[in-house]
Each structure stands twice: as structure tokens, then as C-alpha cells.
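Following: one structure in C-alpha cells, then a few remarks.
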Amino acid sequence: MPKQNIYDNDTFFTDFKKIRRNRVNFNDLLETPVLMKMLPDLKGRSVLDIGCGMGQHAMQYATLGAERVLGIDISTKMLAYARENNSAECITYRNMAMEDLDQIEDRFDVVTSSLVFDYIEDFEDLMKKIHRLMNDDAVLVFSTSHPMATAYNGKYPRFTRNKSGERLYANICDYADEGRREIYWMVNGYELYHRTLSSMINGMISAGFRIEECHESAASPELLKEEPAMFGGTRHRPDFIFFRCSRA
Ligand SMILES: C[S@@+](CC[C@H](N)C(=O)[O-])C[C@H]1O[C@@H](n2cnc3c(N)ncnc32)[C@H](O)[C@@H]1O
């Protein structure tokens with residue numbers, strides 16, 4: 001399969017930027033706080049951020065004292081934004097696909113990735129490539145879409161609602177059928193790869209990782225009260241899953 005680079009599509013990039021800049025968004029309120037808590041102390045450490053996008057995370061790692069941060073991404077538009085808005089002396093941005101991680105000569109103390117592994121076809125191969133890039137005591141901390149959220153085909157609403165629009169339960173579809181799914185998200189033909197939870201876990205284990213921590217996203221009662229329309233669905237099924245792994 002050719003690598004998708006939807007973030008360089010003008011419409012998609014413009015709309016994604018709007019979502020990311022909105023004060024209320026899933027990344028800043030639901031995903032990033034969990035991921036940040038799972039990271040080790042970054043002072044003096046080398047960090048690889050896979051699919052760094054617009055560089056918000058790389059900038060936070062620099063602020064937290066990382067000695068150097070390499071952010072890689074397939075999208076030239078996302079990287080141009082990162083270089084313009086989230087630059088620091090210790091950050092390098094590089095245009096490359098995660099499928100080509102074996103071209104990196106360096107080793108890292110911390111490897112992170114936020115909501116990027118949805119786009120990888122061969123998860124186990126990716127885990128093996130990451131494992132080779134890590135120093136002995138390094139950790140991998142990542143988030144990705146939850147398998148219950150990617151078990152969706154775009155042909156029905158994600159939630160069944162009552163007459164007043166309240167979400168009653170989540171709809172999931174063909175959970176056991178792994179592979180490429182094409183749905184509408186800001187543009188037609190948005191592609192991601194659905195895999196089961198056991199495939200993810202076994203991919204990490206066979207690459208040589210030991211899973212140290214796992215979390216699933218859900219809005220806090222406070223956030224739910226503040227933004228029920230946005231986050232109401234998060235109580236029915238998790239949007240994101242998070243892992244911290246060390247080299248076994
Ligand atoms: C949902 S965004 C997340 C960006 C950033 N990590 C964040 O949390 O703000 C997904 C990112 O993955 C990048 N991406 C998608 N496929 C990729 C691939 N094959 N290799 C590297 N980056 C990829 C996209 O260009 C985009 O910047």
C-alpha cells in the first residue's frame with residue numbers, strides 16, 4: 001500500500017489546524033495530559049517524536065529539559081508549521097515516514113508518538129524498528145486510536161442517540177476484521193488501519209517490549225459537565241489507548 005499523506009491535502013490541513021487551535025479539542029484535553037503523565041523525566045534525555053505534526057509536543061519536551069528532540073513527520077505542511085511556530089535550538093524536524101525509521105542512525109532515551117500509529121499498516125514491523133532505535137534503558141510512550149474507535153466503517157452514526165440527541169450507546173462494527181478502513185473525516189478517503197487489541201499487544205511483545213503501563217481515554221466528570229456535546233461519547237467507549245513500554 002502507498003503511504004497516505006492526507007495532512008498535505010489543503011482542505012484537510014486547513015480544517016485540522018482549526019481543530020488543533022480550538023481551545024476545546026480532543027488532543028489537548030483528552031490525549032496530551034495522559035501521555036505527558038506517562039513520560040519519564042526528560043531532563044538531559046534524547047527524544048524521538050514519531051509523527052510530530054505541528055510540533056506542539058516537541059516544544060513541550062524541549063521545555064521539560066530534553067537535551068535534543070528529533071521530530072519526524074511525513075507531511076511537509078505540518079513540518080513547515082512546526083518549524084515556524086515550535087522551534088527551539090534542541091529540536092530538529094525531519095521529513096520522513098515512520099515506515100523508514102530504519103534510516104535513522106541515532107539511538108534515543110525516549111521514543112514518543114501521539115495519534116500516529118493509526119496510519120501504519122504493519123504494526124509489528126514498526127515496533128521492531130522502534131526497538132532498534134532505543135538505548136538499553138529507553139522507554140516508548142505512545143497513544144493511538146483505540147481499537148473500539150477504529151472498528152467503524154463510516155456507514156452509520158458512531159453513537160445511537162435518543163430523541164433529544166443524548167448518546168445512548170456506541171456502535172462498533174467488524175471489530176475482528178483487521179486492516180485498512182476508509183472513512184470520511186474532513187475529506188473523503190481518509191485512511192487508517194484497524195487492528196485488535198491483542199494484535200497491538202502481541203506486536204509489542206514480539207518486538208521485544210515489556211508493557212509497563214496502559215491507559216484508555218475518558219473525559220473526567222468535570223470536563224463532561226463543561227463540554228457534554230463534545231465529550232459525551234467518551235463515557236461509552238474510549239477514543240484513545242496509551243502504552244508505556246521498555247526494552248524487555
Ligand atoms: C493526528 S496527527 C498528530 C500530530 C502530533 N503528533 C500531535 O499530537 O499533535 C498525525 C500525524 O501523523 C503524521 N503521519 C501520518 N502518516 C505518517 C507516516 N507514515 N509517517 C510519519 N508521519 C505520519 C501526519 O502527517 C500528522 O502530522
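Computed from a predicted model, the values in this text were never measured in an experiment. Atoms within each ligand, like the ligands themselves, are counted from 1 in listed order.
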Point to revise | Note: D100-K129 ion pair, threshold 4.0 Å (strictly below) | key: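 No, this pair does not count.
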**Study point:** Parallel, tilted or perpendicular: rings of Y175 and H194 (30°, 60°)
**Key:**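 Plane angle over 60°, so perpendicular.
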Practice item. Carefully, step by step, assess L192 and W185 under the rule side-chain contact (heavy atoms from CB on, under 4.5 Å). Key: CA-CA 11 Å; L192 54 85; W185 190 43; over 6 Å; no
Exercise for review: List, ordered by chain and residue number, the protein residues whose closest non-hydrogen atom lies under 4.0 Å from any atom of ligand 1.
Suggested key: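 Only Y7, F16, R20, G51, C52, G53, Q56, H57, D73, I74, S75, M78, M96, A97, M98, E99, S114, L115, V116, Y119 have heavy atoms that fall under 4.0 Å of ligand 1, ordered by chain and number.
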Exercise for review: Using a 4.5 Å cut-off on heavy atoms from C-beta on, say whether the side chain of F123 contacts that of M204.
Suggested key: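 They are in contact (side-chain heavy atoms under 4.5 Å apart), so the answer is yes.
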Check your understanding: With L140, which of M134, R244, E212 fulfils side chain to side chain contact (heavy atoms under 4.5 Å, CB included)?
Key ->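 It is M134, the one option of M134, R244, E212 that forms the side chain to side chain contact (heavy atoms under 4.5 Å, CB included) with L140.
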**Study point:** Pi-cation contact, Y193 with R180 (under 6.0 Å, within 45°)
**Key:**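 So R180 doesn't make the cation-pi contact.
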